Amino acid sequence: MPTIYIDSKPYEALAGKNLLETCLGLGIDLPYFCWHPALGSVGACRQCAVKVFKDAQDGTGRLVMSCMEMVKEGMRASVSDKDAVAFRAQVIEWLMTNHPHDCPVCDEGGSCHLQDMTVMTGHDYRRFRYKKRTYENQNLGPFLHHEMNRCIQCYRCVRFYHDYAGGKDLGVFAAHNHVYFGRETSGILESPFSGNLVEVCPTGVFTDKLLKEHYTRKWDLASAPSICQHCSLGCNIFTGERYGRLRQITNRYNSEVNGYFLCDKGRFGYAFVNDVNRVTRPLLRNQTIEAVDEAPLMKTLREMLSGEELIGIGSPRASIESNFSLIQLVGRDNFYQGLPEYPAYLSGKVAELVQSGALYVPSLKEIEASDAVLVLGEDIWNTAPVMALAVRQAVVRTAAAQAGKQSGLPAWHDLAVKEATQEKKGFLANLTVCPSPLDEEAAFSLRRAPDTIARLGFAIAHAIDPSLPSLPDISTAMRSIVNSIAGALRSAQHPVIISGVSCYNEGLIKAACTIAAALHTIGLRAGVAYVLPECNSMGLALLHAPSFDNATARVLSKPGVTAIILEADIYRTVAEKEADAFFDACKHIIVLDSMHNRTTQKAHALLPAAAFAETDGTIINYEARAQQYFQVLAPQQDIRASWKWLGKLKGLRAAAGNGQQVHPDEILQQLEQALPAFKGISRVAPSPDFRVHGQPIPRDPQRYSGRTAILANLTVSEPRPPQDTDSPLAFSMEGYPGIPPPALIPFYWAPGWNSNQSVSKYQQEPGGALRDGDPGVLLSGQAVLRLTGEEKPTAPPLFMDIPEAFEAREDRWLLLPQVHLFGSDELSSYTPGIRRLAPQPYIGLGEADATALGVIEGDDIFVWLEGKACSFPLAIRKGLCPGITLLPMGIPGIPVPQWGSWVKITLSEDAEEIRCPSKIF
Amino acid sequence: MLSLLRTIWLVFLHLFHKKATIEYPEEKIPLHPRYRGRIVLTRDPDGQERCVGCYLCAAACPVDCIALQAAEDENGRRYPEFFRINFSRCIFCGYCEDACPTYAIQLIPDVEMAEFHRQDLVFEKEDLLIDSEGKYPGYNYYKIAGITAGVKETGQGANEEPPVDVHSLLP
Amino acid sequence: MTVFQHILIVLGVLFVLLTIAAGLIWVERRLLALWQDRLGPNRAGPLGIFIVVADTLKLFFKEDWIPPFADKWVFVAAPAIVVASVLMSFVIIPFSPVIVIADLNVGLLFFLAMSSLGVYSIVLGGWASNNKYSLLGALRGASQMMAYEVFMGLSLMGVVMLTGSFNLQDIVAAQRSMWFIVYQPLGFILFFIAGVAETHRLPFDIPEAESELIAGYHAEYSGMKFGMFFIGEYLGITLISAMTVTMFFGGWLGPGFLPPWFWFGGKTAIFIGLFILLRASLPRPRYDQLIGFGWKLLLPLVLANLLVTGAVALLLKK
């Protein structure tokens, strides 16, 4: 570690870093704009100027941009040098000459990097007396508000949007002192990562349109650490509350998971928490007034529960606490998943592999660092967007690292590295059913049927390890591609194979594993990541419960049971007929959910369950990383966490209901004892009695306002704030003001750093892990082995059951789901902007099939689902291979079909079956 | 010793001096225009609300007695959806007025706001908003702000250049 | 005089005294206000006189709190002592030729004895409160009492010499030709100063001195117990004023067109006013200044006065 001298004080610095990030890591405040830990340095804003001296005798020194200066042994720099301070003050004065007098009406105010930096440099009065430059703004769609007048031309937006996220439609226009950042014309920003511009932009050019609808300053938001609930990646987020409503979601840094960025679904998909469709009162159906009070509810529930046989249906979007509470209530033998047989089997298979310890499951950070990525079948752009972003970084960084190695440039030297890299790219092979924006980055992108992709996977495995069975029937063209992919994986140091369950194909999962096994034989530890559909799919799968089909069979064979359905709309995953059959056979149906849906309509007793922002819970992501989210809203009316309701039901069931309140950490401890697979999960966050110097962690910032007026219209005597006995966080501004343990950080703030850039104060070094380590506990087999120190490279299991090649049939089409980032998810679709971007129902066919059928885009086509013809307009999917048809998943108006089955397509409702002379591939 | 007697005598003579007491409420107190009394929300010269819901008054308030919610009309003009001051907590320090960037919130020389019930001291926006520009006539925040808010066209504000033509590369 | 009449006089005097003591609340506040260019309480009733009722009611209804750390019985007894001892002093005051409760021939000595007892209330109250400030106040009260008690008695001895009697009716009668203020101006001044100190009124309120002892010996008192100290103070003012009138200003003597009790009352009222005027105008001396003033200046003066009076009286007798 080189020793450097800053203002004549010696410091230990990390070699290879630049001076700016070194200073920030050492806690020295230095203003900057264009530098971003994830984007690197370009030296454009001239704000981070410091003086560097030749040696100890040099009294003059020279001004340099600290972000462009590499740390060297014995380096002497001065941050507080008179000239440097004056230079920085002058730069910000220039930047501010055109900045409008907007702070009172600007949504960035109070969390604005420009405000912080202006205060830090001491600029307080505009001496420039000439006119201010103005711009016309653009409408950038439902998520972002554009206010170009505020721009200080730091270029961070395009560097993120274009360079980092690969977006095409945001650019720089015009020249010199009137450059413009925007789209060519007004329109919706295409990239699903556009929301990050809110945090990337150091001022208020891009602001959160959803926040604008119920605008609250950062200092007024009560915040809590939380976990995104919309896919299986488990990105860390902050939830912000004001006046009892969820107001904003911002990124919570976790170097192992999401780093600095979120996708738009995660950032904006929170509106359901505030929706009018929320269940707020317990309902007992079939009476005049369905909403009931505690006493009659408990009486009815006691009748429903006592002496009856209970079965529980677990949920992949409920916390592990809630699922396990349900197990405790009904017993392990009576606990089922709310999924049909095949998807349940697939997730179970994935969980088994992850748990086995033979599979190395990479975190998103490790995916970013990999140098060869193979995607097998999974459309990660839509099912796991932040993983797609990580894959893009892997591609870009691999090339950049090679270029850097040749030219000797450090990785943070963004522009120079880009010049050296040119068009070179790292290795990505994207083998999917449908085209994806990731294809642009891919060395190979192929559109094939899932079975074919799985076979290609096995062929790749064979090409790596010839002792594995070969596939003789692969064409020569294919074989060369297979060999190229195999070669790239072999020559990589950290290969990663990504697959998932959204293709409803077991072969893909096995093929991914087999490739890793093949790579293991040549001494390479390949990461295998399986994307799952829901936020806690892994948690539910680790419980290894039977599928919904088993539950239906049991209920049909022995009617008269009471079913308890936990936070899942069965009608979204199970075909209507089967779900109806199940519900009709149940004697009593108790449903716990936060939103009204078709399942809750079936409930005899409906209990209002807390949404993720209203309770504490633990969910387990794709790599079996358990992460806890914390309550930020005090639930309204009778809403209670599912695990609290289930604890109450347990009390009712036991004749002498003791009604004792349990805390989430107690449930987790019981879970650990009951199921060894979850060993270590109770370490996920500090227990509720954790205190720092006897103080809890406050959810409210120090500047929180309106404490004595918020509820004054109801009663002028302030009521006691809600007491949180479930976590060490407090609904108060009183508490420990310093940096809490990483799992409990409720918001980022440091003196003088009001914006989210204050995250560097919470990190061990800029862009590194949080102090005391990133939160979350890995439960995967590899992690457990690593903990016990027994990690030795065990071989991933080999699978020999290669699926048959896909053959398009003449009269039937293979029905596959098309997952849409916006629209396929149940909860995020309550956000109006997301609903606006969601597709209308359609049926997707390949170009060849459309031509063969003689139909064009937009023609109504009938697809036969469960014996009924459903008509949807045709959408031609470029590259989709013949014999496959797609329906968008989870879009209202489309009945839930059996994915992966063969369906009939007709051109009119009563037409004869059509036969399509599709070519066999 | 004599000075003591003189003091006693002079104090005795005060019996016949004019009294300083003002017999409120029969006689009103003359208050300075900048006296910090009742808090009001004023209006722009164009008759619109001046408050833009920036929350600075609430943040400045040492007793946290101001709560509001910002909202936006179809032109992007900000206004408070509700604005509540709990006068039973207010200490009339005037920090809110100091913090206000738009001269919207002002303390006026009115002190007659006693109530029998504390609840009646909770003032909502309807109770606070007055039809006047208060102490700062002629000031219109949106004329000098960067946003247009339906008050002006882009580039038409005070001290603003016409909007940049992004298709031009001329200097 | 029948027993019945006697009881009537006793009750009448008691009633009048307590009424005056209560009324002084209003009088003092109004006068102080006027001397400070204010109006004082003028809202409740005519001229604000009902402030007395309001104050009394308030005192009655305030929580009668005894601190848990106090010596309970002594704490309760202390305020009673002050009222009792001052009231007892009034026994020998001749309000008119007929209105005198006990026409003792050692009347003056009785007055001195009783007024000395008053200090017990201060010492006991301060000690029983078990509070630093209260105890300091009590200590100051005791030493102040010692310093001023001595020459208070001595300052009256000139009058006794001139009259040759301790009986107050005799002293009043002796002033038919001329008030003793003429023969004993120094005696009057010294007695009045001693009287102010005796009642620990401003400027000599060293034992309670709010600014340094936060009310001193009665800091812990509230409710009617505090009220008793208060009444004791006002009764003390009245007593010293009455004694001054009796000793130096001819007591109830006055032109015959008005009854003697009126003349007595009127003269007393002037001195009560003087008490309040002193409060309005003079600052409080420092503790050591006050004690030094007593021992070093006033005591020699009063002894000299006694010497000169005795000499003159001896000369005139010859």
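Only this structure's heavy atoms are used, side chains among them; waters, hydrogens and symmetry mates stay out. Numbered from 1 within each chain, the chains take letters A, B, ... in sequence-line order. Quantities reported herein were computed from a predicted structural model and do not represent experimental measurements.
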remark   = Cut-off 4.5 Å, heavy atoms of chain A, and the answer for B:C65 is both
key: Most contacts with chain B, counted as non-hydrogen pairs under 4.5 angstrom, among A:P100, A:G109, A:A709   = A:A709
Gap between atom CG of B:D64 and atom CD1 of A:I710 - 0.5 Å precision = 8.0 Å
inquiry  = Looking at A:A712, is its backbone amide N or carbonyl O close enough to the side chain of B:N86 to form a donor-acceptor pair, meaning the two atoms are under 3.5 Å apart?
reply    = no
Straight-line distance of A:R707 CZ to B:C61 SG, nearest 0.5 Å = 9.5 Å
key: Member of A:Y135, A:F173, A:Y180 meeting the side chain to side chain contact (heavy atoms under 4.5 Å, CB included) criterion with B:V164   = A:Y135
Heavy-atom donor-acceptor pair, A:E136 side chain to B:P163 backbone, under 3.5 Å = no
inquiry  = Tell me if the centroids of the rings in B:Y141 and A:H101 come within less than 6.0 Å of each other.
reply    = yes
Proximity breakdown for B:V63 and chain A, heavy-atom pairs closer than 4.5 Å = backbone
task = Hey, could you give me the CD/OH distance between B:E81 and A:Y215, rounded to the nearest 0.5 Å?
result = 15.0 Å
Contacting region of B:E124 [heavy-atom separation from chain A under 4.5 Å] = side chain
ask   = Checking heavy atoms, do the side chain of B:F82, its backbone, both or neither come under 4.5 Å from chain A?
value = side chain
ask   = Is there a donor-acceptor pair under 3.5 Å between the side chain of A:T134 and the backbone N or O of B:E161?
value = yes
inquiry  = With a 4.5 angstrom heavy-atom cut-off, is it the side chain or the backbone of B:I66 that approaches chain A, or both, or neither?
reply    = backbone
Beyond-backbone contact of A:N713 with B:R84, side-chain heavy atoms, under 4.5 angstrom = yes
note = Cut-off 4.5 Å, heavy atoms of chain A, and the answer for B:A71 is neither
ask   = Short question: side chain of A:N149, backbone of B:I147 - any donor-acceptor pair under 3.5 Å?
value = no
key: Contacting moiety of A:D220, where chain B heavy atoms sit under 4.5 Å   = side chain
key: Residue, of A:S717, A:C106, A:G110, A:A174, that accumulates the most heavy atom pairs under 4.5 Å with chain B   = A:A174
note = Ordered numerically, the heavy-atom neighbours of chain B under 4.5 Å found in residues 123-133 of chain A are A:R126, A:R129, A:Y130, A:K131, A:K132, A:R133
ask   = Counting only N and O atoms by type, is there a donor-acceptor contact under 3.5 Å from the side chain of A:H176 to the main-chain atoms of B:L169?
value = yes
A:R703 NZ/CZ over B:Y55 ring centroid, <6.0 Å and within 45° of normal = no
note = Bottom line for B:R89: the part with an atom under 4.5 Å from chain A's heavy atoms is side chain
key: chain A contact via B:L121 - side chain, backbone, both or neither, heavy atoms under 4.5 Å   = neither
key: Most chain B-contacting option - heavy-atom pairs closer than 4.5 Å, from A:G182, A:A175, A:P104   = A:P104
